[in-house]
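Chain naming here is simple, since letters A, B, ... match the order of the sequence lines and numbering starts at 1 in each.
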Amino acid sequence: AQSVTQLDSHVSVSEGTPVLLRCNYSSSYSPSLFWYVQHPNKGLQLLLKYTSAATLVKGINGFEAEFKKSETSFHLTKPSAHMSDAAEYFCVVSPKYNNNDMRFGAGTRLTVKP
Amino acid sequence: NAGVTQTPKFQVLKTGQSMTLQCAQDMNHEYMSWYRQDPGMGLRLIHYSVGAGITDQGEVPNGYNVSRSTTEDFPLRLLSAAPSQTSVYFCASSYSGGISGNTIYFGEGSWLTVV
C-alpha cells in the first residue's frame, strides 16, 4: 500500500522569496515520486519526477525536489517565487513499475503576493 | 499537436441520467486513464486501459463504465448519475503504463454537476 501526505493545504509567499512545499510518502516498495502543477481550470502538468537516479531532481521553471528515503520525504523547493507560480501543486507516488497505482496527495495551493 | 482532448468541458445532469465523457489523444499512447478530482482529496483513479481492447478498474470504479475500441479514444460512461458523482474528471495518457516514470499527459478537465 502507498499514500502521500502533503503537509500544507495552503502556502503563501512573497514574490522573490523561497518556496517550500512539503510532501511525505508511505510505500511498501521502492517508489517513483512526482510533482505536478495545476493552474486554474487547467489539467495537470509534470514539474519533475524521481524514478531511481539522483536523489536531487531538477524540474521545469526552476523547481527542484530532493528524495530523502530516511525521512520518506520529497519536498518541492524553488529559490525565488514568481507570480506565475501561483497554482495548485500535487505530490504523487507510484510503484516503480506500475503507473496504474498512482496515489495523489490532496494538493497544496500556492499563493504568491506581490 | 492537440495532446489529450476532453469533451464536454461543463455538463449538468439530473439524477438518474446517463452520459458519456469523451477523451481522445493524438500521441499514439498505449495507456489511458480517467481520474476524478474532489476538494481536499487529490485525484483518484476510476478506470484505466493499457491498450485497445483492454480495460481495468482503478480505485473508485463504481458507477462508471469504459471501453477502448481504438488507441485514440477512451470514453467514460456514467450509467445512472448520482449527486456523489459531481466532480471534475480528468482523462490522461502516457506511453506504456507498465513503466513508471513515463510522463502522464492530462486533459483540461470536465466539470460535471449532478442535481
Subject >> Trace of the side chain to side chain contact (heavy atoms under 4.5 Å, CB included) decision for Y35(B) with M102(A) >> reply: CA-CA 11 Å; Y35(B) 291 85; M102(A) 298 180 77; 3.9 Å; yes
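Interface remark: of the candidates C91(A), G105(A), P31(A), G105(A) forms the most heavy-atom pairs closer than 4.5 Å to chain B.
Within 6.0 Å of NZ on K42(A) lie no more than 12 heavy atoms contributed by other residues, nucleotides or ligands.
In this structure, M32(B) is not a member of the same hydrophobic cluster as Y95(B), with clusters built from ILVMFWY side-chain heavy atoms closer than 4.5 Å. Put simply, F10(B) and M19(B) are part of two different groups of oily side chains (I, L, V, M, F, W, Y) that touch within less than 4.5 Å, one to the next. By the rule that hydrophobic residues join a cluster once side-chain heavy atoms approach within less than 4.5 Å of another member, L112(B) and L76(B) end up as members of one cluster. One hydrophobic cluster, built from ILVMFWY side chains closer than 4.5 Å, cannot hold both Y89(A) and L7(A); they sit in different ones.
Between Q38(A) and F106(B) there is no side-chain heavy-atom pair separated by less than 4.5 Å. Within the 4.5 Å cutoff, the side chain of I104(B) has no heavy atoms near those of the V92(A) side chain.
Of the atoms belonging to Q37(B), it is side-chain heavy atoms, and not backbone ones, that fall under 4.5 Å from chain A.
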